[in-house]
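This report refers to the structure that appears directly beneath it.
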Amino acid sequence: MKPERGPLRVALLGCGVVGSEVVRLLREQADDLAARVGTPLELAGVAVRRPERVRAGVDPALVTTDAQGLVTRDDVDIVVEVIGGIEPARTLMLEAMKTGKSVVTANKALLAEDGATLFAAAREYGADLYYEAAVAGAIPLLRPLRESLVGDHVHRVLGIVNGTTNYILDQMDSGGAGFNEALEEAQALGYAEADPTADVEGFDAAAKAAILAQLAFHTPVTAADVHREGITEVSAADVAGAKGMDCVVKLLAICERVPSEGGRNGRGVSVRVYPAMIPRTHPLASVREAYNAVFVEAESAGSLMFYGAGAGGAPTASAVLGDLVAVARNVVGGTPGPVEVTYAKLPVLPMGETVTRYYIHLDVTDEAGVLATVAEEFARHEVSIQAVRQVGLGEEAQLVVVTHRAPDAALSAVVEGLRGLDSVREVASVMRVEGEE
Ligand SMILES: NC(=O)C1=CN([C@@H]2O[C@H](COP(=O)(O)OP(=O)(O)OC[C@H]3O[C@@H](n4cnc5c(N)ncnc54)[C@H](O)[C@@H]3O)[C@@H](O)[C@H]2O)C=CC1
Ligand SMILES: N[C@@H](CC=O)C(=O)O
Ligand code: NA
């Protein structure tokens with residue numbers, strides 16, 4: 001008979017919004033977790049920056065500021081990293097894996113910047129590296145891509161992966177709070193990153209897009225490869241323009257395989273994050289507050305939709321605990337989990353080659369021939385117009401143009417050209433349109 005093993009000892013790095021919830025769940029669900037793993041999970045230590053702070057439910061004897069010492073201790077089996085940022089998180093995780101420990105992390109910034117180093121270490125030392133919480137918080141998305149869909153051929157991953165910006169855009173759309181007020185609320189609710197610039201400038205969503213693209217297309221993608229635009233430039237006029245089109249503005253992460261004539265894998269991938277209009281009838285339009293939703297389109301599976309809480313302490317801790325149990329079971333069973341494979345090595349194509357649609361709102365002089373001059377600018381760059389509408393007269397004259405799909409570079413050139421026309425007083429709003437033709 002196999003001898004019963006002792007408890008698995010867990011080192012927790014960071015005890016902020018997510019870490020404190022991990023501690024709570026480990027305590028409150030101890031018996032169930034032990035039954036599911038086959039042995040108890042025991043907290044070996046909690047590394048913090050400010051030890052003097054009182055932390056509810058954390059035994060002060062477990063608290064340390066020596067994270068490095070904690071991850072290399074012989075009585076630690078698994079390390080949970082919820083500090084965030086690049087360093088010291090990277091060094092701590094590498095040290096942990098070098099000394100034979102498996103790692104669970106929620107750190108998308110690090111995985112998207114230098115995941116390759118961490119994955120290489122996991123392979124070299126036979127350790128597990130699990131990170132479900134890093135993308136779309138509680139929503140099971142990475143495990144489905146990494147395991148359930150690994151036998152399929154993914155074409156596209158499209159979704160809302162940042163709760164803070166969705167909360168802000170939702171408030172702007174519903175006419176509630178302004179930008180700053182909504183951001184403060186998102187921070188108070190524990191959705192925002194330590195530096196909310198990461199949220200509102202799209203860095204957080206870009207990191208998640210890189211992780212998703214890498215898993216979906218088995219190809220190396222880092223945050224630096226992702227075309228990124230945040231929501232700080234989204235104005236009340238953009239939101240109102242979207243309403244006028246029966247659309248809503250959402251910050252979207254889009255990862256697409258770009259088809260080629262011959263090869264099945266395509267000629268590359270497009271990975272991008274930007275605010276875009278989507279029709280109110282589109283399922284993503286009904287994703288409110290800080291919720292996330294992601295569509296995965298795969299050859300055999302068809303379209304799959306994942307929806308739920310993408311941010312916040314308890315939802316994120318749920319994903320961390322799920323990984324912790326999975327890793328603990330692997331330790332108990334003596335078999336490591338799956339490793340990342342990036343064999344496809346597809347290039348990430350420049351944004352200019354990406355095919356999208358544009359909505360363009362122009363303040364124009366109301367005189368004969370303006371429409372023709374404007375239309376000529378589109379024709380010059382071979383961008384076909386789907387619809388054009390005039391709003392107002394005289395000083396108030398405005399044109400709203402929606403294009404058919406065209407390369408982004410051509411659309412940018414059209415906007416540049418329009419800015420140079422005498423009959424165009426102002427290009428009031430430019431936004432990509434996603435969702436449907
Ligand atoms: N809050 C959320 O909704 C989500 C957060 N995440 C990720 O989870 C991680 C943690 O996020 P939060 O808990 O929200 O951040 P937080 O800022 O609330 O917590 C991080 C904690 O780590 C501590 N810390 C910093 N440097 C340290 C060090 N050298 N040693 C020990 N402790 C140190 C900080 O004092 C802080 O208490 C980040 O990677 C974040 O991107 C992922 C999904 C959702
Ligand atoms: N700051 C992030 C937290 C989760 O990743 C968000 O707002 O979605
Ligand atoms: Na997740």
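Numbers here simply count residues along the sequence, with the first being 1. Indexing begins at 1, ligand by ligand and atom by atom, following the structure's order.
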Stepwise salt bridge (Lys or Arg N to Asp or Glu O under 4.0 Å) check, Asp77 with Arg9
CA-CA 5 Å; Asp77 300 292; Arg9 308 258 298 156; 6.0 Å; no
Does the N or O separation between Asp199 and ligand 2 drop below 3.5 Å for any pair?
yes
Ala319 near the Na ion (ligand 3) via N/O/S, less than 3.0 Å
no
Is it true that atom CD of Glu261 has more than 12 heavy atoms of other residues, nucleotides or ligands lying nearer than 6.0 Å?
no
Ala47 heavy atoms, cut-off 4.0 Å: which ligand 1 atoms fall inside?
31 (C), 32 (N)
Using distance alone, determine whether Ala134 and ligand 1 share an N or O pair under 3.5 Å.
no
Look at Gly310 and state whether any of its N, O or S atoms is less than 3.0 Å from the Na ion (ligand 3).
no
Do side-chain atoms of Arg257 reach the backbone of Val154 as a donor and acceptor pair under 3.5 angstrom?
yes
Protein non-hydrogen atom found under 4.0 Å from atom 22 (O) of ligand 1:
yes
Is a donor from one side chain sitting under 3.5 angstrom from an acceptor on the other, for Tyr130 and Asn330?
yes
Identity and separation of the nearest protein heavy atom to atom 8 (O) of ligand 2
Gly163 N, 2.6 Å
The reported gap from CZ in Arg156 to CG in Leu212 (rounded to nearest 0.5 angstrom) is 13.5 Å
Run the numbers for me: atoms of ligand 1, each under 4.0 Å from some heavy atom of Gly312, listed by number.
2 (C), 3 (O)
Identify the two heavy atoms, one from Val320 and one from Ala133, that lie closest to each other, and give their separation to 0.1 Å.
CG2-CB, 3.8 Å
Which residue and heavy atom of the protein sit nearest atom 6 (N) of ligand 1, plus the separation
Lys108 NZ, 3.5 Å
Test item, Val48 contacting ligand 1 (heavy atom, 4.0 angstrom)
yes
Have a look at ligand 1 and work out which part of Pro88, if any, has a heavy atom under 4.0 Å from it: side chain, backbone, both or neither.
side chain
Give a yes/no verdict on a cation-pi contact between Arg228 and Tyr274, requiring under 6.0 Å between NZ or CZ and the six-membered ring centre and an angle within 45° of the axis.
no
To the nearest 0.5 Å, tell me how far Asp225 CG sits from Gln214 CD.
9.5 Å
Taking 4.0 angstrom as the limit and counting only heavy atoms of Gly84, give me the atoms of ligand 1 inside it, by number and element.
38 (C), 39 (O)
Determine whether the side chain, the backbone, both or neither of Ala192 has a heavy atom under 4.0 Å from any heavy atom of ligand 2.
backbone
Does atom CG of Asp32 have more than 12 heavy-atom neighbours, drawn from other residues, nucleotides or ligands, at distances under 6.0 Å?
yes
Check whether any side-chain N or O of Asn166 sits under 3.5 Å from a backbone N or O of Glu289 as a donor-acceptor pair, and report yes or no.
yes
Taking 4.0 angstrom as the limit and counting only heavy atoms of Ala311, give me the atoms of ligand 2 inside it, by number and element.
3 (C), 4 (C), 6 (C), 8 (O)
Applying a heavy-atom cut-off of 4.0 Å, say which part of Thr316 lies close to ligand 1: side chain, backbone, both or neither.
side chain
Ligand-residue contact atoms, ligand 2 with Asp204, heavy atoms, under 4.0 Å:
2 (C)
the protein heavy atom lying closest to atom 24 (N) of ligand 1 turns out to be Ile83 CG2, 3.8 Å
Using 30° and 60° as the class boundaries, would you call the ring planes of Tyr291 and Tyr307 parallel, tilted or perpendicular?
parallel
What do we get for Thr164 next to ligand 2 when only non-hydrogen atoms under 4.0 Å count, side chain, backbone, both or neither?
both
Looking only at distances, can you tell me whether any N or O atom of Glu193, backbone or side chain, sits closer than 3.5 Å to an N or O atom of ligand 1?
yes
Quick one: look up the protein heavy atom nearest atom 3 (C) of ligand 2 and list residue, atom name and how far away it is.
Tyr191 O, 3.1 Å
For the side chain of Lys208 and the backbone of Val161, is there at least one donor-acceptor N/O pair under 3.5 Å apart?
yes
Given that the side chain starts at C-beta and the backbone is N, CA, C, O, which of these parts of Thr165 lies under 4.0 Å from ligand 2, counting heavy atoms, or is it both or neither?
neither
Among all protein heavy atoms in this structure, tell me which lies nearest to atom 5 (O) of ligand 2, with the distance rounded to 0.1 Å.
Lys108 NZ, 2.4 Å
At a 4.0 Å threshold, what atoms of ligand 2 neighbour a non-hydrogen atom of Glu193?
1 (N), 2 (C), 3 (C)
Is Ala134 close enough that one of its N/O/S atoms sits under 3.0 Å from the Na ion (ligand 3)?
no
Which value, rounded to 10°, describes the OE2(Glu132)-the Na ion (ligand 3)-O(Ile139) angle?
80°
I'd like to know if the side chain of Lys250 reaches the main chain of Val287, judged simply by a donor and an acceptor atom lying under 3.5 Å from each other, with no hydrogens or angles considered.
yes
Is it true that, when you exclude Glu233 itself, more than 12 heavy atoms of the residues, nucleotides or ligands shown sit nearer than 6.0 Å to its CD?
no
